[in-house]
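One is the number of the first residue; the rest follow in order along the sequence.
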Amino acid sequence: MAKSRVQFICQSCGSVHQRWAGKCDACGEWNTLVEEGTSGGIGSGPANTRNARKGRAVVLTTLSGDIEDAPRIISGIGELDRATGGGFVRGSALLVGGDPGIGKSTLLTQAAAALASKGHRIVYVSGEEAVAQIRLRAQRLGVASSPVELAAETNVEDILATIADGKRPDLVILDSIQTLWTDLADSAPGTVTQVRAAAQAMIRYAKSTGAAIVLVGHVTKEGQIAGPRVVEHMVDAVLYFEGEGGHHYRILRTVKNRFGPTDEIGVFEMSDKGLREVANPSELFLGERHAKSPGAAVFAGMEGTRPVLVEIQALVAPSSLGTPRRAVVGWDGARLSMILAVLEAHCGVRFGSHDVYLNVAGGYRISEPAADLAVAAALVSSLTGLALPADCVYFGEISLSGAVRPVAHAQQRLKEAEKLGFGSAVLPSGSGELAGGIGAGSFQPTELADLVARIAGSRRSRVDVED
């Protein structure tokens, strides 16, 4: 009889340790090693090495040859198809993560109903909810009449045996991967061994049959998909469903896609009837904007191939503390510190005795450095108490020397701003040929000090007019 042995597996990175330790040597996380038992006669040892079959030769080919586009299943939900790169690819595995209650199951239920109504066979397997709960959600969304096949099961072997009956399914939704377990592993559901084995079994089924698989993943407190990171490497695409509790909108963000562009987003609005597509997210993020308030600048950003306009709000207030506060929501705090240092060192703007608060309106998150110029303009506007022009957009990267550096997709940003009624722009010089529109009469500073002087000069011109 095979002798069982004990090993410790990190629940963060999946590395195997022979004895318990407080800190994982591979990823550096604390208290993540969990004891799991394995059978010494299965998959390890010299005996299996002796009994291993001889490998077969595979056919080698060249890089040149005919290329076929990946066959896709278009759901008809435009924002979902945009995020996936044009629809679900047959034979692919997709991982969807998000906070609890953010709307993952709602989105997938709507997508399953839309595909089933087009004649596709859709199988929805839930390991967390009963069939009655899924039916209640479908009734609330108004899609209860769609021919979606439901099941409440957590065993991988039973799921594979169920979907093998009849016609091959076009899409299989598994909610969630942390609840699945397989007979090939002895550990509890949700552990690294079970999650990895269950995901591998479902991905193998997708590749061999051509059915698309959607796996739903839980999210940790840090906002990452729970379980081993190896699962993200196993699947073909990873999507994050984001949103703030106090806002109705949701963002489906693509962070990995083997069949389409990354950093693409789809925007939805949550209502009592489910998720509604937002075709123009710029209007959503600028909907409650107050044009005459100081410390507000409109940033023309890019999310994948889509330009998005969002308001950046800054508040600079005198501080009574020895160390002034720096608070950031929706942007990188280290980058804010860099912008403040550049303003003080190269522009003579002092923030040492002021608290600085920065917020991206609507709970939106910005990751690209093109927002530097808009942040600097908002900070100077709040410090001086002067409102920026209401019809102006800002974008550009700021270097440590105070120079304003050009960014990509300047023409697309300006087109989006012009479509929404903006009449001027502040952008880096050397952004390429800007034909017509607001780009022709834009202000293009080479140094950040030029922008600061322009904002401060509006105070002198205002005083002259009042005199």
Side-chain angles (χ1 to χ4, degrees), residues 289-301 310-361 366-407 424-431 442-466:
R289 178 169 170 253
H290 193 276
K292 296 183 179 180
S293 298
V298 177
F299 165 58
V310 63
E311 184 184 46
I312 295 180
Q313 303 168 348
L315 175 61
V316 180
S319 176
S320 59
L321 303 176
T323 303
R325 298 187 62 183
R326 303 288 188 261
V328 187
V329 177
W331 205 49
D332 186 12
R335 200 152 189 92
L336 172 63
S337 300
M338 187 198 78
I339 298 299
L340 293 174
V342 172
L343 285 171
E344 292 202 12
H346 298 287
C347 304
V349 184
R350 305 301 178 188
F351 295 93
S353 60
H354 292 78
D355 292 332
V356 177
Y357 302 89
L358 189 74
N359 176 51
V360 180
I366 299 176
S367 58
E368 59 172 334
D372 291 351
L373 203 61
V375 170
L379 291 172
V380 176
S381 172
S382 178
L383 181 64
T384 60
L386 299 173
L388 298 173
D391 64 340
C392 186
V393 295
Y394 301 80
F395 61 90
E397 182 181 356
I398 298 175
S399 64
L400 291 178
S401 63
V404 181
R405 304 179 60 183
V407 295
S424 60
V426 176
L427 66 156
S429 60
S431 298
S442 61
F443 177 58
Q444 302 183 24
T446 57
E447 300 287 336
L448 181 58
D450 299 336
L451 176 61
V452 175
R454 183 183 178 92
I455 298 174
S458 63
R459 165 179 289 180
R460 288 192 291 269
S461 62
R462 182 177 301 176
V463 171
D464 294 339
V465 172
E466 292 177 354

Exercise. Hey, does Val360 have a side-chain heavy atom less than 4.5 Å from the side chain of Val329?
Worked result: no
For this session: Only counting residues at least two apart or in another chain, list the ones meeting side-chain contact (heavy atoms from CB on, under 4.5 Å) with Ala370.
Result: Phe299, Glu368, Val407, Arg413
Exercise. Can you check whether Val356 reaches Pro324 side chain to side chain, under 4.5 Å on heavy atoms?
Worked result: no
Exercise. Does a side-chain heavy-atom distance below 4.5 Å link His354 with Pro318?
Worked result: yes
Exercise. Where do Leu451 and Ala377 come nearest, in terms of heavy atoms and distance?
Worked result: CD2-CB, 4.1 Å
Exercise. At their closest point, which heavy atom of Tyr394 faces which heavy atom of Leu373, and how far apart are they?
Worked result: CB-C, 4.5 Å
Exercise. Any donor and acceptor pair, going by atom type alone, linking the side chain of Ser381 with main-chain N or O of Gly295 inside 3.5 Å?
Worked result: yes
Problem set entry | Heavy-atom side-chain proximity of Leu379 to Leu336 below 4.5 angstrom | yes
Exercise. Is there a donor-acceptor contact under 3.5 Å from the side chain of His346 to the main chain of Ala403?
Worked result: no
For this session: Show the numbers, then the answer: is there a side chain to side chain contact (heavy atoms under 4.5 Å, CB included) between Asp391 and Val298?
Result: CA-CA 9 Å; Asp391 64 340; Val298 177; over 6 Å; no
Exercise. Is the side chain of Arg405 donor-acceptor paired with the backbone N or O of Gly396 at a distance under 3.5 Å, no angle test?
Worked result: no
For this session: May I ask you to test the Val404-Leu427 pair for a side-chain heavy-atom distance under 4.5 Å?
Result: no
Problem set entry | Donor-acceptor contact present, side-chain Ser382 to main-chain Val316, <3.5 Å | yes
Exercise. What heavy-atom pair brings Ser429 and Thr446 nearest, and what distance separates the two atoms?
Worked result: OG-CG2, 3.2 Å
For this session: Identify the heavy atoms of Leu448 and Ile398 that sit nearest to each other, and give their distance.
Result: CD1-CD1, 3.7 Å
Problem set entry | Side-chain touch Ser319/Arg325, heavy atoms, less than 4.5 angstrom | no
Exercise. Should Ile312 and Ile366 count as side-chain neighbours, where that means a heavy-atom distance under 4.5 Å?
Worked result: yes
Exercise. What are the two closest heavy atoms between Phe443 and Asp450, and how far apart are they?
Worked result: CZ-O, 4.1 Å
Problem set entry | Minimum heavy-atom distance between Trp331 and Ala371, given as atom pair plus value | NE1-CB, 3.9 Å
Exercise. Within a strict 4.5 Å, meaning less than it, do heavy atoms of the Met338 and Asp372 side chains meet?
Worked result: yes
Exercise. Within the side chain of Glu344, is there an N or O that forms a donor-acceptor pair under 3.5 Å with the backbone of Phe351?
Worked result: yes
